[in-house]
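Read through the structure below, which is laid out as structure tokens, and then see the notes.
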Amino acid sequence: MTPAELGAAVRAAILEAVEAGDLAVSPPGAVTVERPKVKSHGDYATNIALQLAKAAGRPPREIAALLATRLGAVPGIDAVEVAGPGFLNVHLSQASLGQVVRQVLDRGAAYGTNAAAAGQSINLEFVSANPTGPIHIGGVRWAAVGDALARLLEASGATVTREYYFNDHGAQIDRFARSLLTAARGQEAPEDGYSGAYIVDIAKTVLAKVPDALEQADPQEVFRREGVEQMFGEIRASLHDFGVDFDVYFHENSLHESGAVVRAVERLRANGHIYERDGAVWLRTTTFGDDKDRVVLKSDGEPAYISGDLAYYLDKRERGFDRVVIMLGADHHGYVGRMMAMCAAFGDTPGVNLEILIGQMVNLLRDGEPLRMSKRAGTVLTLEDLVEAVGVDAARYALARSSADSTLDIDLALWSKQTSANPVYYVQYAATRAASILRTARELGITDEVLATADLGLLTHPLEAELLKALAELPAVVATAAELREPHRIARYLEEKVAKSAQRWFDEKQECRALPQDGEAATATQLARLQLWTATRTVLENGLRLLGVSAPERM
RNA sequence: GCCCCUGUAGCUCAGUGGACAGAGCGACUGCCUUCUAAGCAGUUGGUCGCAGGUUCGAGUCCUGCCGGGGGCGCCA
């Protein structure tokens, strides 16, 4: 019996009680059960009686007792106790616990997926770093977290488009182009320009591709066009090497060239939210809770930055996405108010049609001390540097295992350590251990056909029960992580629940050995244990895959 | 001044209103003839920043204060 099935059984018990006239409440839509921290509180517990007490107008313990009687008769449930203020503590039968293995094996790579977000069409925008330089650590975090979130949402049944907004319009790009031009001429970088060695490299590449670039009528335009394309190619390549590929790379420039910006402004004007003042065109975002109104078209006739966002949002909605999700760094949190107001001004619902996820900053540490990022001092850390220093798996895992609400310290010395100080290896090690045991079983001639006959009710050791319950949690963990947009929950679950209980089980070498010794045939219990190892390997693989991290066969 | 994030063990951090607050690292002690010791067990270590409030129940929700980070442009 899985947690979901138990929850359904509890709900059924409530319905029965209501029907029988024992309980006067409107039944809850779904009942969730949780794993109690204390062993004596059973395999699963629910506080549903406490929740129903008010509506029912009866003491919670009384309701709990009522439900306990009904639940006690459900097959697979060994015992139900009423505890404390009105908790229901449920003990499952061993045979019932073991069935989780069957479910994991049947579903395989699909185990853990759920339908919580079925039918949703989500556009997830992340990274979107400007093509004026390589992706540095600010963007790296969103690459890891954003891609993991995309995988989670897909695992919860949503259709997800990963999108990268390519900011190839405006003053920043002009500065970039000017910097390339001056570099090509062998001059010093302009005052407000970009300097780094990559500027010189790109300038050279452009010159190699367009030898007469400096002689053309508008050389800066040549460097803009070619340089941006070059930079963008590099960004795309390093993201690809990081395991992150986008479905759509959207060019801001296209919004301006196609007239989409003008159309978006006209749409807002038609909705009555546009006015003119001091020669500029304003969006009255204060109508929808923003601090102040925002200029969308500057008095010099140029579009303000936000106008691109207006058109972009509209474009996404017109492409059929009912949910537009954007991940931004904390340095952009000031945009949330105006973006939400913009969403409302279009007649949409902020928080539903538009969702903005703010992630906190990252610091680079050296010897435990924060390091100021400085191009001149050579302390800029790019995505490529990070991958080179610690590897894709360790980098993605470390970036995704912390809550995005917390600032993150990147400690290269720590992240590149191949020890237990580095949790990614802890999880991967458990996965390879499972693989190793299963490999040996095959070598001993234990075939899948033989394994399929295993009696999972033989998994009666307490450490086996712990592991079974850990494996049973994956679907709920995935659903919650997706719903809360918190991929780090997957990592913590893998570390603290799955890998931990698998390792403890493995270490019980006297009582829980899975492989036969001395050329003997495998016992029925050992076959069941091998199936549990197979299920464990599957859960670790599925969980790591959600984070974009590999589950190696060997370490 | 206003807005967002944050404050939990010596350090790094989990903990979507539940029961006795957890993990890793560090320190100390054990465990390799036998499925991978990148592992396991144990000991040590907490006024969950402070003060109120809501609740049967608060690390979690609300208010105020204190500390840390970020943001408040006709920049992008």
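The basis for the numbers below is simple: all heavy atoms, side chains too, and nothing from hydrogens, waters or symmetry mates. Here is how names work: the chains are called A, B, and so on, in the same order as the sequence lines, proteins then strands, and each is numbered from 1.
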From [options], pick the nucleotide closest to the side chain of [X]?
X: A:E496; options: B:A14, B:G18, B:U36; answer: B:A14
X: A:H333; options: B:C3, B:U36, B:A14; answer: B:C3
X: A:E486; options: B:G15, B:C56, B:C20; answer: B:G15
X: A:K292; options: B:C35, B:G73, B:C75; answer: B:G73
X: A:L50; options: B:C56, B:C35, B:C40; answer: B:C56
X: A:T432; options: B:C20, B:U36, B:G18; answer: B:U36
X: A:H488; options: B:A14, B:C35, B:U16; answer: B:A14
X: A:V38; options: B:A38, B:C35, B:A19; answer: B:A19
X: A:R489; options: B:G39, B:C74, B:G15; answer: B:G15
X: A:R439; options: B:A14, B:C35, B:U36; answer: B:U36

OP1 or OP2 of [N] sitting under 4.0 Å from any side-chain N/O of [X]?
X: A:K509; N: B:C31; value: no
X: A:K500; N: B:G24; value: yes
X: A:Y429; N: B:A38; value: yes
X: A:R433; N: B:A37; value: yes
X: A:Y426; N: B:C40; value: yes
X: A:R294; N: B:G73; value: no
X: A:K37; N: B:A19; value: yes
X: A:K39; N: B:A19; value: no
X: A:H332; N: B:C72; value: no

Does A:T480 contact B:U16 through a side-chain donor or acceptor facing the base, at a distance under 3.5 Å?
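Yes, the side chain and the base share a sub-3.5 Å donor-acceptor pair.
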Between the base of B:G70 and the side chain of A:D331, is there any donor-acceptor pair under 3.5 Å?
no
What residues, two or more places apart in sequence or in another chain, satisfy salt bridge (charged side-chain N to carboxylate O under 4.0 Å, His left out) together with A:D168?
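Residues passing salt bridge (charged side-chain N to carboxylate O under 4.0 Å, His left out) with A:D168: none at all.
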Heavy atoms only, 4.0 Å cut-off, all strands: where does [X] land among base, sugar-phosphate and nothing?
X: A:N89; answer: base
X: A:Q510; answer: base
X: A:N422; answer: nothing
X: A:S403; answer: sugar-phosphate
X: A:A280; answer: base
X: A:R513; answer: base
X: A:A83; answer: base
X: A:A441; answer: nothing
X: A:W533; answer: nothing

Go through the steps to decide whether A:Y249 and A:F232 satisfy the test ring pair (Phe, Tyr, Trp, His ring centres under 6.0 Å), and finish with yes or no.
CA-CA 10 Å; A:Y249 292 87; A:F232 192 49; 5.3 Å; yes
With RNA chain B as reference, determine whether A:T407 or A:Q360 sits nearer its 5' end, using the nearest nucleotide of each.
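This one resolves to A:Q360.
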Return whichever of A:T46 or A:V295 has its heavy-atom-nearest nucleotide of RNA chain B closer to the 5' end.
A:T46
Under the criterion salt bridge (Lys or Arg N to Asp or Glu O under 4.0 Å), I'd like the reasoning laid out for A:R537 against A:E541: C-alpha separation, chi angles, the key distance, then a yes or no.
CA-CA 6 Å; A:R537 168 79 193 178; A:E541 279 178 348; 2.9 Å; yes
A:R433 to A:F506 six-membered ring, cation-pi geometry met (6.0 Å, 45°):
yes
When you check the side-chain N and O atoms of A:Q428 and A:D393, is any donor under 3.5 Å from an acceptor?
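Checked: A:Q428/A:D393 side chains pair up, N/O donor to acceptor below 3.5 Å.
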With a 3.5 Å cut-off and no angle check, do the side chains of A:E511 and A:H461 form a donor-acceptor pair?
yes
Taking syn as within 90° of 0 and anti otherwise, name the glycosidic form of B:C32.
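B:C32: syn glycosidic orientation.
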Measure the acute angle between the ring planes of A:H251 and A:F166, then classify it against the limits of 30° and 60° as parallel, tilted or perpendicular.
perpendicular
Over 60° means perpendicular and under 30° means parallel, so classify the ring planes of A:W282 and A:Y275, tilted if in between.
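Because their plane-to-plane angle is under 30°, the rings of A:Y275 and A:W282 count as parallel.
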Report yes if the distance between the aromatic ring centroids of A:Y164 and A:F126 is under 6.0 Å, otherwise no.
no
Please check if the side chain of A:D293 supplies one atom and the backbone of A:T286 the other of a donor-acceptor pair under 3.5 Å.
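Confirmed, A:D293 side chain pairs with A:T286 backbone.
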Can you give me the dot-bracket string for RNA chain B, 5' to 3', counting Watson-Crick and G-U wobble pairs with both distances under 3.5 Å, using [ ] for crossing pairs and | for partners on another strand?
(((((((..((((....[...)))).(((((.......))))).....(((((..]....))))))))))))....
Looking only at atom [atom1], what distance separates [N] and [M], rounded to whole Å?
N: B:C31; M: B:G69; atom1: C1'; value: 44 Å
N: B:G57; M: B:C25; atom1: P; value: 38 Å
N: B:G26; M: B:A38; atom1: P; value: 15 Å

